[in-house]
2 protein chains.
Amino acid sequence: MSDLITRLRRHQWRMTPQRRVIAETLDGAHVHYTADEILERACERMPEISRATVYNTLNEMVALGEILELNFDGRSKRYDPNAEHDHHHLICDGCGAMKDVHTVGDPLDWLPGDERHGFAVTEASITFRGLCPECQQAA
Amino acid sequence: MSDLITRLRRHQWRMTPQRRVIAETLDGAHVHYTADEILERACERMPEISRATVYNTLNEMVALGEILELNFDGRSKRYDPNAEHDHHHLICDGCGAMKDVHTVGDPLDWLPGDERHGFAVTEASITFRGLCPECQQAA
DNA sequence: ATCCTAGCTTAGACTTTGTCTAATGAAAGA
DNA sequence: TCTTTCATTAGACAAAGTCTAAGCTAGGAT
């Protein structure tokens, strides 16, 4: 998988300095940021960037299918520059840290036909929860 | 599993008319309501009940472990009076309808050790998405 | 039955997260 | 370079949820 900016260029999508900063912030991160965290980091490099631009840009990237929008805690959405739907998420209940993880097998196989209630099921996402190594020590 | 009010009584938890109305609203529902939907329904029976009481009460029930707080859409939290952690959720991408479902096998088995990053993993929840029978017809 | 007190409820202000609008600015093709 | 179209901006607005201070009440004590 190529980097986010390369993937975004493939759509007819005007590349502005603001969008570049947002994309680079997302792509360089080892954690999944909230919109406000991205705004904060983008402001370090481009102090005049506006909140509306960050929110608009993130929503467009989601609509283009190039990033994932995640809702873990019900507080604020987080954004994952890895848009592949083949991974799931592991979250620390202590500090909120998050990792992308891969499961063995296809989650769709785990929902038997008589539990599908006639739905055409196309996607499954799993959230694993627990304590990260640091929070286990602290506990 | 007994009804929600019975389960709540087992904790030293003062049972007020407001809390009773909220518990009955949750327990009698076939769908998972948002806090505001619960407020609206509670108001039909007790017009003077306040928003703060509904939010406080729901948070307390969650803390007692007797209901589940769900975050599907990132808009508003929903509450599930079935607090058992052995079920998962199936959501229609068309109309938002939701069903509780059971999987075959234990989701914790599906995350291999080398994907756990040292976490002590205790819980897994799966969200299945697709189209309900009605929305398949409409499409 | 009545009293007392811890803790519940209330209205409304406040906070956080996110969206919308109208005016200005800039990317990219002609 | 010019022009058109789309992006950006500040700030108002909206939705979801929390907090506060004052009054009220459930349930145990008497």
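We name chains A, B, ... by the order of the sequence lines, and we start the count at 1 in each one.
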At what angle, to 10 degrees, do the two end axes of the helix from C/dA1-D/dT30 to C/dA30-D/dT1 meet, given five pairs define each axis?
-> 30°
Shortest non-hydrogen separation from B/Leu4 to B/Glu66 and the atoms involved | CD1-O, 3.7 Å
Heavy-atom pair with the smallest gap, counting every atom of B/Gly130 and A/Thr122 | CA-OG1, 3.9 Å
Pairs under 3.5 Å (N/O, protein and nucleotides 27-30 of chain D):
residue	atom	partner	partner atom	Å
D/dG27	OP1	B/Met15	N	3.3

Closest contact, heavy atoms only, B/Pro107 versus B/His88 | CG-NE2, 3.7 Å
Quick one: B/Ile22 CD1 to C/dT9 P, roughly how many Å, whole number?
-> 7 Å
For A/Leu58 and D/dT8, what is the distance between atoms CG and P respectively, to the nearest whole Å?
-> 12 Å
Spell out, yes or no, whether B/Ile22 and B/Val62 are grouped together once hydrophobic residues are joined by side-chain heavy atoms under 4.5 Å, including indirect joins.
-> yes
So, are A/Glu37 and A/Arg78 salt-bridged, with charged N and O less than 4.0 Å apart?
-> yes
Side-chain touch B/Phe128/A/Glu123, heavy atoms, less than 4.5 angstrom = no
Nearest non-hydrogen partners of A/His117 and B/Asp100, listed with the distance = NE2-O, 4.0 Å
Atom pairs under 3.5 Å, N or O on each side, protein against nucleotides 10-21 of chain C: can you list them with distances?
residue	atom	partner	partner atom	Å
C/dT10	OP1	B/Gln18	NE2	3.4
C/dT10	OP1	B/Glu48	O	3.1
C/dT10	OP2	B/Ser50	N	2.9
C/dT10	OP2	B/Ser50	OG	3.4
C/dT10	OP2	B/Thr53	OG1	2.8
C/dG18	OP1	A/Lys77	N	2.9
C/dG18	OP2	A/Tyr55	OH	3.2
C/dG18	N7	A/Arg51	NH1	3.4
C/dG18	N7	A/Arg51	NH2	2.8
C/dG18	O6	A/Arg51	NH2	2.9
C/dT19	OP2	A/Asn59	ND2	3.2

Which value, rounded to the nearest 0.5 Å, describes the distance between B/Leu70 atom CG and B/Lys77 atom NZ?
-> 11.0 Å
Report the distance from atom CZ of A/Arg20 to atom CD1 of A/Ile5, rounding to the nearest 0.5 Å.
-> 5.5 Å
Taking atom C1' of D/dT25 as reference, at what distance in whole Å does atom CZ of B/Arg20 sit?
-> 14 Å
Partner of B/His32 under side chain to side chain contact (heavy atoms under 4.5 Å, CB included), chosen from B/Lys99, B/Met98, B/Glu69 | B/Met98
When rounded to whole Å, the CZ to P distance for the pair A/Arg19 and C/dA26 reads 15 Å
Can you tell me how far C1' of D/dC6 sits from CD of A/Gln12, to the nearest Å?
-> 14 Å
Path from A/Leu26 to A/Val21 over hydrophobic side-chain contacts below 4.5 Å | yes
